[in-house]
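Counting starts at 1 for both ligands and their atoms, in listed order.
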Amino acid sequence: MMQKVFPIRSAQAPAPAFDGRALVDMLGRGLRDLRISVTDRCNFRCVYCMPREVFDHDFKFVAHAEVLSFEEIARMARILAGLGVKKVRLTGGEPLVRRDLHRLVALLAEIPGLDLTLTTNGSLLPKQAAALARAGLKRVTVSLDSLDDATFRALNDADFPVSKVIEGIEAAAAAGMAPIKINMVVKRGVNDGHVLPMAERWRGSGHIVRFIEYMDVGSTNGWRMDEVVPSAEIVKMIGDRHPLESADPNYTGEVAERWRYADGAGEIGVISSVTQAFCRTCNRLRLSAEGSLYTCLFAQHGHPLKHLLRTGASDEAIANEIAAVWRARGDRYSELRTAETAKQHKIEMSYIGG
Ligand code: SAM
């Protein structure tokens, strides 16, 4: 069978022109980071993200024909790089369940000046890390919510063991993607007792554990404020045992707050999206697997662009459309969050890209 060839411009081609005015949103925030959800599917059913009773056999995932091709994603990324995007994170769903993801990495790695990374549950890294690294992936973030096997298997609800994720982390490091960032979502009464063992497991390894406050993303996880463990509590828990000092952000708008071990054994990060909202510096845009833009992780609706990609619109026209979306952006959900807003219908994180 003949392979389908997609007519795309070279990734090295000059960025498309748009109307040239500085691109800032209604709150004066620039555009820097792009999260691309390459699929809304996942091989885990983490109870706080894709609860099995909702994401079951009857759940309607995005149809394959509606999912952007790698060439369409790369085109969007190149247009967005022309609008100021400096960093791209591939996510999902689980990005590594998308077949031949390394091909997309290779296309994105050609775009000059883009910092490219990926967030994964790590389950498929042992098989894919080397190919991803060869394709140009330099960094990776792996999610791991506990080192206790029973707790982890219950949280991912796919009976997946801790040891395989650790294998994935080691495979990524061996492929040259160290230091690895390791994300742990902390939920009170579930894994808050596992914070210190997690910190200590990776202390001195060069890898960086980042503790994430449990969030009211989507509408299916039944979030409650009393299940959030504030980052300040996590910093104290670890700092009481291994003194920590605050470190400067690597760049304005960095999501994680950095803390360094005073004895030089590396650093940790905390992501306090609930207790210390960072909307003021939020420079992130999300592209869903089916080609819609979302200007906030807690968005209730998106801005579809796939029709432009599939009806021959020019790069300039698409760039202008994206610029209009960004200029109209006024989101600051985390600053406005209440128990009531948490109940609002929001797009699921697995769809929008975590
Ligand atoms: N499947 C990949 C993974 O597991 O990393 C990428 C997608 S996942 C949605 C991205 C990150 O979002 C993971 O670290 C996950 O733990 C986190 N996450 C999902 N639901 C969350 C919630 N309700 N609160 C905080 N973090 C959440």
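At the shortest separation from atom 19 (C) of ligand 1 among protein heavy atoms lies Met349 SD, 3.3 Å. Among all non-hydrogen protein atoms, the one lying nearest atom 2 (C) of ligand 1 is Glu94 OE1, 3.4 Å. The single protein non-hydrogen atom nearest to atom 26 (N) of ligand 1 is Val185 CG2, 3.3 Å, given as residue, atom name and distance. Distance from atom 23 (N) of ligand 1 to its nearest protein heavy atom, with residue and atom name: Met215 O, 2.9 Å. Of all protein heavy atoms, the one closest to atom 21 (C) of ligand 1 is Tyr48 CD1, 3.5 Å.
By the 3.5 Å distance cut-off applied to N or O atoms, Ser350 is not counted among the residues near ligand 1. Polar contact check, Asp145 against ligand 1: no nitrogen or oxygen pair lies under 3.5 Å apart. Where the criterion is an N or O separation shorter than 3.5 Å, residue side chain and backbone included, Gly93 meets it with respect to ligand 1. Of the polar atoms of Cys49, none of the N or O atoms is found under 3.5 Å from an N or O of ligand 1, judged by distance alone.
A salt bridge between Lys306 and Glu66 is present, with a side-chain N of the basic residue lying under 4.0 Å from a carboxylate O of the acidic one. A salt bridge links Arg139 with Asp115; the closest basic N to acidic carboxylate O contact falls under 4.0 Å. Ion pairing between a basic and an acidic side chain is recognised when a charged N comes within 4.0 Å of a carboxylate O; Arg188 and Glu233 show such pairing. In summary, Asp159 and Arg45 do not engage in a salt bridge, as defined by a charged side-chain N under 4.0 Å from a carboxylate O.
The part of Thr120 lying near ligand 1 is the backbone, judged by heavy-atom distances below 4.0 Å. Contact annotation: for Thr91 versus ligand 1, heavy atoms closer than 4.0 Å belong to the side chain alone.
The backbone N or O of Leu96 sits less than 3.5 Å from a side-chain atom of Glu94, completing a donor-acceptor pair.
For the residue pair Gln344 and Ser219, no side-chain donor N or O sits within less than 3.5 Å of a side-chain acceptor on the partner.
Phe152 and Phe160 have their aromatic ring centers separated by at least 6.0 angstrom.
Near Asn221, the atoms of ligand 1 lying under 4.0 angstrom from a non-hydrogen atom of the residue are 23 (N). Close approach of ligand 1 to Asn121 is summarised as follows: ligand atoms under 4.0 Å from at least one heavy atom of the residue are 2 (C), 3 (C), 4 (O), 5 (O). Set against the non-hydrogen atoms of Asn183, the atoms of ligand 1 under 4.0 Å away are 14 (O). Short contacts between ligand 1 and Ser143, defined as distances under 4.0 Å to a heavy atom of the residue, involve ligand atoms 3 (C), 4 (O), 5 (O), 13 (C), 14 (O).
Within 6.0 Å of atom CZ in Arg310, more than 12 heavy atoms from other residues, nucleotides or ligands are found, so the atom counts as buried in its surroundings. Environment of CZ in Arg52: crowded, with over 12 heavy atoms of neighbouring residues, nucleotides or ligands closer than 6.0 Å.
Contact analysis leaves Met184 out of contact with ligand 1, as no non-hydrogen atom separation drops below 4.0 angstrom.
Phe298 and Leu285 fall into different hydrophobic clusters, where Ile, Leu, Val, Met, Phe, Trp and Tyr residues are linked whenever their side-chain heavy atoms come under 4.5 Å apart, directly or through other members.
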